[in-house]
Amino acid sequence: MSLPASLYRKTGADCEVGEVVYDEKTIRTRVAQLGLKISTDYAGRELLVIGILKGALVFTSDLVRELQIPLHLDFMAISRYAAQGPTRKVRIVRDLQEDIAGRHVLLVEDIVDTGLTANYLCGLLSARKPASLSLCTLLDRPELRLAELPLNYVGFQVSREFLIGYGLDYRDRYRDLPFIASMNLTSARVE
Ligand code: IMP
Ligand code: MG
């Protein structure tokens, strides 16, 4: 799929954005399906949705508008260090405002790759004794998984290709793209 012309006004001519992998309509349709499924599963219960900043901001804001149940919304901001290997640590930059004990929690991620981040967060949140804890990720990359964890809701399964847009960044750019794209590797060096 080729890129919308307006993108060149946004990113410049030496555009690092490659091919569109999921366009706006495809994402909207899938997010609506996930919203319906989650609403059905949690019918009669009140949900606490926790988005992981920054990557899951865009997905979370679209997803909550598709949920047809009462909910509370909170965010946790994290940064990762020791990026290589299973010893990866996650630092909490902003903790939750809500007390999650006894509540039904839905953790929302942009992409589960190695699974180390989500695994760490699930451990951390479980220790706070929620009534239940589920994980929803827009993208799932099972090929590179190091930590096994149950993914309750998945938008799309993706390959190894590095992706940007719809919250996903490359060096903190491109989160604002309304679609998900690959990188243009002739303009960018992906580490
Ligand atoms: P994990 O701990 O390896 O599962 O890391 C997942 C995190 O890495 C995501 O929340 C993203 O911030 C980042 N990440 C992994 N793959 C990509 C990608 O293809 N594009 C952008 N960010 C990615
Ligand atoms: Mg990121």
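When a ligand or atom number is given, it counts from 1 through the structure's own listing order. All of these numbers come straight from a predicted model, not from anything done at the bench.
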(message) Show the nearest heavy-atom pair for residues V108 and L63, with the distance to one decimal.
(response) CG2-CD2, 4.1 Å
(message) How close do S132 and R45 get, counting heavy atoms only, and between which atoms?
(response) OG-NH1, 4.3 Å
(message) Minimum distance, heavy atoms only, to atom 1 (P) of ligand 1: which one of T114, I78, I164, D140 is it?
(response) T114
(request) Would you check whether R145 reaches within less than 4.0 Å of ligand 1, judged by its heavy atoms? (result)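 Under 4.0 Å: no for R145.
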Do [X] and [Y] have side-chain N/O donor and acceptor atoms under 3.5 Å apart?
X	Y	value
H72	E46	yes
D74	Q97	no
T137	D140	no

Check each atom of ligand 1 against the heavy atoms of [X] and keep those under 4.0 Å away; list them by number with element.
X	result
G115	1 (P), 3 (O), 4 (O)
L163	18 (C), 19 (O), 20 (N), 21 (C)
D169	21 (C)
I111	6 (C), 9 (C), 10 (O), 11 (C), 14 (N), 15 (C), 16 (N), 17 (C), 23 (C)
T117	1 (P), 2 (O), 5 (O)

(message) Could you measure the distance from the CG atom of L149 to the CG atom of L107? Nearest 0.5 Å is fine.
(response) 9.5 Å
(message) Heavy-atom pairs closer than 4.0 Å: do any link ligand 1 to the side chain of D110, the backbone, both, or neither?
(response) side chain
(message) If you measure every N or O of A118 against every N or O of ligand 1, does any of those distances drop under 3.5 Å?
(response) no
(request) For residues L96 and F75, determine if any side-chain heavy atom of one lies less than 4.5 Å from a side-chain heavy atom of the other. (result)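 Contact flag for L96/F75 side chains = no.
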